[in-house]
Amino acid sequence: MREIFTGLPWWVKWIAVPVIALVVFGGLIASVVGFVIGLLFKLLVFVALVGGLIYVVRKFMASSSSRSDW
């Protein structure tokens with residue numbers, strides 16, 4: 001593979017080949033990035049919902065235990 005690239009100008013190695021790779025694999029890269037961002041968003045929503053649930057349950061338990069002290 002190195003023998004192929006040794007005789008080529010610098011702009012082919014550093015500009016043309018990456019542009020061709022982005023054109024060919026651009027859809028795949030975009031779908032992978034979209035999947036990862038979607039997964040992180042769902043994870044963030046999950047953590048927020050679980051945290052909210054724990055907060056509500058602790059608040060409810062604290063208020064119910066203070067009523068039973070009467």
Could you list the donor-acceptor pairs under 3.5 angstrom formed by side chains in residues 36-51, with sequence neighbours left out?
none

In residues 3-23, what donor-acceptor pairs under 3.5 Å come from side-chain atoms, sequence neighbours left out?
from, atom 1, to, atom 2, distance (Å)
Thr6, OG1, Glu3, O, 2.9
Lys13, NZ, Phe5, O, 3.4

Side-chain donor-acceptor pairs under 3.5 Å in residues 25-34, sequence neighbours left out?
from, atom 1, to, atom 2, distance (Å)
Ser31, OG, Gly27, O, 3.2
Ser31, OG, Leu28, O, 2.8

